[in-house]
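Here, residue 1 is the first one in the sequence, and each next residue gets the next number.
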Amino acid sequence: LEHDTVVDLVRRAGAGAGQAQHPGRAREADLTATPRCKFPQPAYLKRAVDTGIFERVHVRIYDDDNCEAYWHLAWDRWTAAYPAMRFYVGMTTSEMTHGWVHTKNVYYDVAPSVQRADNYSGFMIWDRYADKLSNYTSMVKSKGVPVSLSIGGFDTGYSLPSRQATLDLFEHLWNSYFGGSKPGVHCSFGDAWLDVV
């Protein structure tokens with residue numbers, strides 16, 4: 001997203017919408033990147049991340065054959081290379097996805113390994129449908145691990161055709177999932193607020 005689009009998205013959500021429900025929480029929109037765990041990353045991705053516009057990076061340790069055995073090393077290299085960015089380890093909730101990690105291994109291996117980084121911020125969990133079936137996020141959160149649930153696409157060819165389409169998608173997500181005020185729309189995540197765009 002372009003910087004102006006992010007600013008428009010925040011304005012469209014309503015500067016005070018989140019403040020009314022969560023008075024102590026500042027409104028912000030973070031631009032995130034979700035690369036595969038391989039490091040060094042491809043040149044096009046390195047150029048993008050090196051700009052410094054990404055505040056959060058979700059390092060995906062699933063759906064990547066090259067990552068399964070050496071994700072610990074890649075994680076350490078990512079977090080050391082970009083100390084000013086916040087890092088989340090990206091995991092899948094579906095046992096059918098390559099790289100799925102059992103919740104016991106999350107607690108005894110993944111969490112202690114990633115939490116050593118000063119810029120570790122939590123876990124990014126993919127995807128909500130499989131999560132509802134498996135209850136994966138609840139089991140991980142019960143161990144005190146911060147979780148960010150991803151509801152977007154992960155295909156590298158995914159894009160929106162226009163600025164208006166981006167704003168329309170944001171408005172739909174805001175009203176359907178994060179406490180928007182559109183009449184008749186049920187917020188399926190309950191008491192949640194929008195943290196990242």
Original post:
Less than 4.5 Å apart, any side-chain heavy atom of Tyr136 and any of Val106?
Top reply: yes

Original post:
Is there side-chain contact between Arg77 and Pro40, with at least one heavy-atom pair below 4.5 Å?
Top reply: yes

Original post:
Is any side-chain heavy atom of Phe87 closer than 4.5 Å to a side-chain heavy atom of Val114?
Top reply: no

Subject >> Shortest non-hydrogen separation from Phe39 to Ala74 and the atoms involved >> reply: CB-O, 4.3 Å

Original post:
Given the rule in the side-chain contact (heavy atoms from CB on, under 4.5 Å) test, do Tyr88 and Val59 qualify, once you have shown the distances and angles that lead to the verdict?
Top reply: CA-CA 6 Å; Tyr88 286 70; Val59 178; over 6 Å; no

Original post:
If you measure from OG on Ser94 to CH2 on Trp126, what distance do you get to the nearest 0.5 Å?
Top reply: 11.0 Å

Subject >> Heavy-atom closest contact (Asp76 atom, Thr79 atom, distance) >> reply: O-OG1, 3.2 Å

Original post:
Checking side-chain contact (heavy atoms from CB on, under 4.5 Å) for the pair Val110/Phe123: CA distance, chi angles, key distance, verdict?
Top reply: CA-CA 10 Å; Val110 179; Phe123 282 65; 3.6 Å; yes

Original post:
Under 4.5 Å between any side-chain heavy atoms of Met124 and Thr32, yes or no?
Top reply: no

Original post:
Going through the checks in order, is the side-chain contact (heavy atoms from CB on, under 4.5 Å) test met by Ile61 and Val89?
Top reply: CA-CA 7 Å; Ile61 67 169; Val89 61; 3.8 Å; yes

**OP:** Say whether Thr137 and Asp131, considering side chains only, have a donor N or O and an acceptor N or O under 3.5 Å apart.
**Re:** yes

Original post:
Which atom pair, heavy atoms only, marks the closest approach of Ala117 to Trp75?
Top reply: CB-NE1, 4.0 Å

Original post:
What is the distance from atom CD of Glu95 to atom CG of Leu133, rounded to the nearest 0.5 Å?
Top reply: 11.0 Å

**OP:** Any chance you could measure Thr34, atom OG1, to Phe54, atom CZ, to the nearest 0.5 Å?
**Re:** 9.0 Å

Original post:
Just checking, any donor-acceptor pair under 3.5 angstrom between side chains of His58 and Arg60?
Top reply: no

Original post:
Between CG of Asn105 and CE of Met91, what distance do you get to the nearest 0.5 Å?
Top reply: 8.5 Å

Original post:
Are Tyr82 and Val49 close enough that some pair of their side-chain heavy atoms sits under 4.5 Å apart?
Top reply: yes

Original post:
Short question: side chain of Asn119, backbone of Met85 - any donor-acceptor pair under 3.5 Å?
Top reply: yes

Subject >> Any donor-acceptor N/O pair, Thr93 side chain to Asp127 backbone, under 3.5 Å >> reply: yes

Original post:
Can you name the side chain to side chain donor-acceptor pair (under 3.5 Å) partners of Tyr120, sequence neighbours left out?
Top reply: none

**OP:** Sort and list the pairs that fulfil salt bridge (Lys or Arg N to Asp or Glu O under 4.0 Å) and have at least one residue in residues 43-52, not counting sequence neighbours.
**Re:** Lys46-Asp50

Original post:
Can Trp100 be reached from Tyr107 by stepping across I, L, V, M, F, W or Y side chains whose heavy atoms are under 4.5 Å apart?
Top reply: no

Original post:
Taking C-beta and beyond as the side chain, do Asp118 and Pro83 meet within less than 4.5 Å on heavy atoms?
Top reply: no

**OP:** Answer with yes or no whether the side chains of Asp65 and His98 bring together a donor and an acceptor at under 3.5 Å.
**Re:** yes

Original post:
Hey, does Trp71 have a side-chain heavy atom less than 4.5 Å from the side chain of Ser113?
Top reply: yes

**OP:** In sequence, state the C-alpha distance, the side-chain angles, and the governing distance for Tyr62 and Cys67, and then conclude on side-chain contact (heavy atoms from CB on, under 4.5 Å).
**Re:** CA-CA 7 Å; Tyr62 63 92; Cys67 186; over 6 Å; no

